[in-house]
> 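Got a structure for you, written out below as structure tokens; questions coming shortly.
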Amino acid sequence: MCEFCVKHGEGQKWYLAMENYSRELLHQDGRIEFIGHFLNTFQARIPPSLKWLETLARTPFHRLARPFLTQAQKRNHFGQIVPLEEVEQILARVKGVIRLACVCRQVTIGQQEARYCYGLTADPRLVAEIDDSLSLEILTPGEAIASIRELDQEGLVHSIWTFKTPYIGGLCNCDQDCLAYRICHARNHFQVMFRGEYVASVDLDACNGCRNCMRQCQYGAIRYSATNKKVVVDPRQCFGCGVCRAACHRQAITLHARAEDPVAAGIW
Ligand code: SF4
Ligand code: SF4
Ligand code: SF4
């Protein structure tokens, strides 16, 4: 289990603990205003921060700054990858869902209406706080899960996000246009999310070497052996998102617990 499960999970996965979604938590510590400010000012705030990070990365101070940047992120807005079946469990825990325009894609590709962000409450005070430009819709949890199943087929990786940890307020569906992917994985600036609690593996008897799964994996974790005409997952590279499974017509890929994987257990 990850660090947040130990701190915020009451002996289970932290994102399955009901209290981390509670209305009481949302209404404490200025969270509603924090979330409103976070979303409403994202397009103005983030480009200068990205420039600053690129400059920092060219200096020797980057290595020293990384742990502090990660700690600040863990306090305010940190994520973890979750597979589709746990998205379904999470949506069974919440009463209302909002869908809004993805703020990362507004910044990275100038797309204003990419609707991949889900808020895990339809609390009226929060709804009132969010700017009209994010064109918010209110969905039932059932409607949300039906649309997220389609995104899983397309290979979009699901993740949950805190707003003033441990409150969990966001469920995202991302590709390589996601700022978390770019900051954390592509540019390795600092950590903004944990990998999933799982690692994928391939049943070599079932695999026919078609390589569909390789195209679905955003993390380059699947390797093809021309000799064996099969694929294998590198557990050091696997983020445990599980979306490769949707691309495999032979059901050859399954997830197993990261904690029990001898190679990946300590890699978050
Ligand atoms: S984390 Fe993903 S869905 Fe959420 S804002 Fe960023 S790209 Fe959009
Ligand atoms: S999609 Fe399935 S059958 Fe095709 S290479 Fe991947 S694991 Fe093998
Ligand atoms: S191999 Fe791992 S990282 Fe790649 S799609 Fe599958 S579960 Fe995700």
Side-chain angles (χ1 to χ4, degrees), residues 35 38-39 42-43 46 73 77-87 98-109 111-120 134 147-148 151-152 154-163 169-185 192-193 195-226 228-256 258 261 263-264 267:
I35 298 171
F38 179 92
L39 294 172
F42 197 87
Q43 275 198 82
I46 297 303
Q73 196 76 28
H77 184 57
F78 208 74
Q80 184 165 21
I81 286 175
V82 284
L84 181 65
E85 51 271 46
E86 289 187 335
V87 170
I98 52 178
R99 179 165 57 187
L100 56 158
C102 163
V103 287
C104 289
R105 288 163 172 107
Q106 289 177 342
V107 170
T108 56
I109 53 169
Q111 172 58 257
Q112 301 294 324
E113 272 299 323
R115 310 188 66 73
Y116 297 107
C117 279
Y118 294 73
L120 295 172
L134 291 164
S147 59
I148 293 172
L151 300 179
D152 191 83
E154 288 176 35
L156 294 179
V157 171
H158 322 293
S159 53
I160 42 105
W161 291 89
T162 66
F163 290 91
L171 174 57
C172 284
N173 299 280
C174 310
D175 54 19
Q176 294 178 354
D177 293 328
C178 170
L179 279 169
Y181 180 92
R182 294 190 183 189
I183 290 172
C184 192
H185 185 66
V192 301
M193 68 196 306
R195 297 184 185 203
E197 299 280 339
Y198 303 95
V199 176
S201 55
V202 175
D203 174 352
L204 294 180
D205 292 332
C207 175
N208 68 0
C210 70
R211 290 182 263 185
N212 287 343
C213 53
M214 290 177 76
R215 288 186 279 277
Q216 192 95 318
C217 179
Q218 295 179 28
Y219 298 100
I222 306 177
R223 314 236 183 282
Y224 177 70
S225 163
N228 295 332
K229 308 235 174 325
K230 309 272 181 192
V231 299
V232 290
V233 174
D234 179 349
R236 288 163 303 185
Q237 300 296 327
C238 178
F239 277 59
C241 65
V243 299
C244 47
R245 297 173 300 173
C248 180
H249 302 302
R250 298 176 68 92
Q251 286 78 47
I253 309 176
T254 50
L255 296 179
H256 59 274
R258 178 173 296 276
D261 187 287
V263 176
I267 306 175

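All values below come from the heavy atoms of this structure, side chains included, with hydrogens, waters and symmetry mates left out. Please read these numbers as outputs of a predicted model, since none were measured by experiment. First listed ligand is number 1; within each ligand, the first listed atom is number 1.
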> Only one of T254, D152, L255 forms a side chain to side chain contact (heavy atoms under 4.5 Å, CB included) with R245, so which one is it?
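When side chain to side chain contact (heavy atoms under 4.5 Å, CB included) is applied between R245 and each of T254, D152, L255, only L255 qualifies.
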
> Can you list the ligand 2 atoms lying under 4.0 Å from a non-hydrogen atom of C210?
1 (S), 3 (S), 4 (Fe), 5 (S)

> Which atoms of ligand 1 sit under 4.0 Å from any heavy atom of C178?
1 (S), 2 (Fe), 6 (Fe), 7 (S)

> So do F42 and L179 actually touch side chain to side chain, heavy atoms under 4.5 Å?
yes

> Measure the distance from atom 4 (Fe) of ligand 3 to every protein heavy atom, then report the residue, atom name and distance (to 0.1 Å) of the closest one.
C217 SG, 2.3 Å

> Identify, by atom number and element, the atoms of ligand 3 in contact range of I222, meaning under 4.0 Å from any of its heavy atoms.
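Selected atoms, number and element: 1 (S).
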
> May I ask you to decide if C248's main-chain N or O and Q216's side chain share a donor-acceptor pair within less than 3.5 Å?
no

> Below 2.8 Å, any N, O or S contact between C241 and atom 8 (Fe) of ligand 3?
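So C241 does bind atom 8 (Fe) of ligand 3 by this criterion.
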
> Are any side-chain N or O atoms of K230 and backbone N or O atoms of C207, one a donor and one an acceptor, separated by less than 3.5 Å?
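It does hold such a pair.
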
> Where is the nearest protein heavy atom to atom 2 (Fe) of ligand 1: which residue, which atom, and how far?
C174 SG, 2.2 Å

> Is the H256-Y198 ring centre distance short of 6.0 angstrom?
no

> So which bit of N173 gets within less than 4.0 Å of ligand 1, heavy atoms only: side chain, backbone, both or neither?
backbone

> List ligand 3 atoms under 4.0 Å from F239, heavy atoms only on the residue side.
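Reading through ligand 3 atom by atom, the close ones are 2 (Fe), 3 (S).
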
> Is there a donor-acceptor pair closer than 3.5 Å between any side-chain N or O of R258 and the backbone N or O of I267?
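Such a contact is found between R258 side chain and I267 backbone.
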
> From the options A180, A101, C104, select the one whose nearest heavy atom is closest to atom 6 (Fe) of ligand 1.
C104

> Does the plane of the ring in F38 sit parallel, tilted or perpendicular to the ring in H77? Use 30° and 60° as the thresholds.
tilted

> Test side-chain hydrogen bond (donor to acceptor under 3.5 Å, both in side chains) on Q176 and Y181 and set out the steps.
CA-CA 6 Å; Q176 294 178 354; Y181 180 92; 3.1 Å; yes

> For atom 8 (Fe) of ligand 2, find the nearest protein heavy atom and state the residue, atom name and distance (0.1 Å precision).
C207 SG, 2.4 Å

> Do T162 side-chain atoms and F78 backbone N/O form a donor-acceptor pair below 3.5 Å?
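Here the side-chain-to-backbone pair exists.
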
> Examine all N, O or S atoms of C213, backbone included, and report whether one is under 2.8 Å from atom 6 (Fe) of ligand 3.
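Within the cut-off used here (under 2.8 Å), C213 places no N, O or S atom near atom 6 (Fe) of ligand 3.
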
> Can R105 and D175 be counted as an ion pair, charged N to O under 4.0 angstrom?
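Looking at R105 and D175, the cut-off is met.
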
> Identify, by atom number and element, the atoms of ligand 3 in contact range of Y219, meaning under 4.0 Å from any of its heavy atoms.
3 (S)

> Quick check on contacts: which atoms of ligand 2 are under 4.0 angstrom from a heavy atom of R211?
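Listed by number with element, the hits are 4 (Fe), 5 (S).
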
> Which heavy atom of the protein is the closest neighbour of atom 5 (S) of ligand 1, given with residue, atom name and distance?
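That would be C117 SG, 3.3 Å.
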
> Which atoms of ligand 1 have any heavy atom of V103 under 4.0 Å away?
5 (S)

> For ligand 3, note which part of I253 has a heavy atom under 4.0 Å away: side chain, backbone, both or neither.
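Neither; nothing of I253 gets under 4.0 Å from ligand 3.
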
> Could you go through the side chain to side chain contact (heavy atoms under 4.5 Å, CB included) check for E197 and V82 one step at a time?
CA-CA 7 Å; E197 299 280 339; V82 284; over 6 Å; no

> Measure the distance from atom 3 (S) of ligand 2 to every protein heavy atom, then report the residue, atom name and distance (to 0.1 Å) of the closest one.
N208 OD1, 3.2 Å

> Just which atoms of ligand 1 are under 4.0 Å from any heavy atom in R105?
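It comes down to these atoms of ligand 1: 3 (S), 7 (S), 8 (Fe).
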
> By number and element, which atoms of ligand 2 are closer than 4.0 Å to a non-hydrogen atom of C248?
1 (S), 2 (Fe), 3 (S), 7 (S)

> With heavy atoms only and a cut-off of under 4.0 Å, state how V231 meets ligand 2: side chain, backbone, both or neither.
side chain

> Identify the closest protein heavy atom to atom 7 (S) of ligand 3: which residue and atom is it, and at what distance?
G242 N, 3.1 Å

> Side chain, backbone, both or neither: which part of A200 has a heavy atom under 4.0 Å from ligand 3?
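The side chain, only.
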
> If you count the atoms of ligand 1 from 1 in the order shown, which ones are under 4.0 Å from a heavy atom of C172?
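Every atom of ligand 1 under 4.0 Å from some heavy atom of C172: 1 (S), 2 (Fe), 3 (S), 4 (Fe).
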
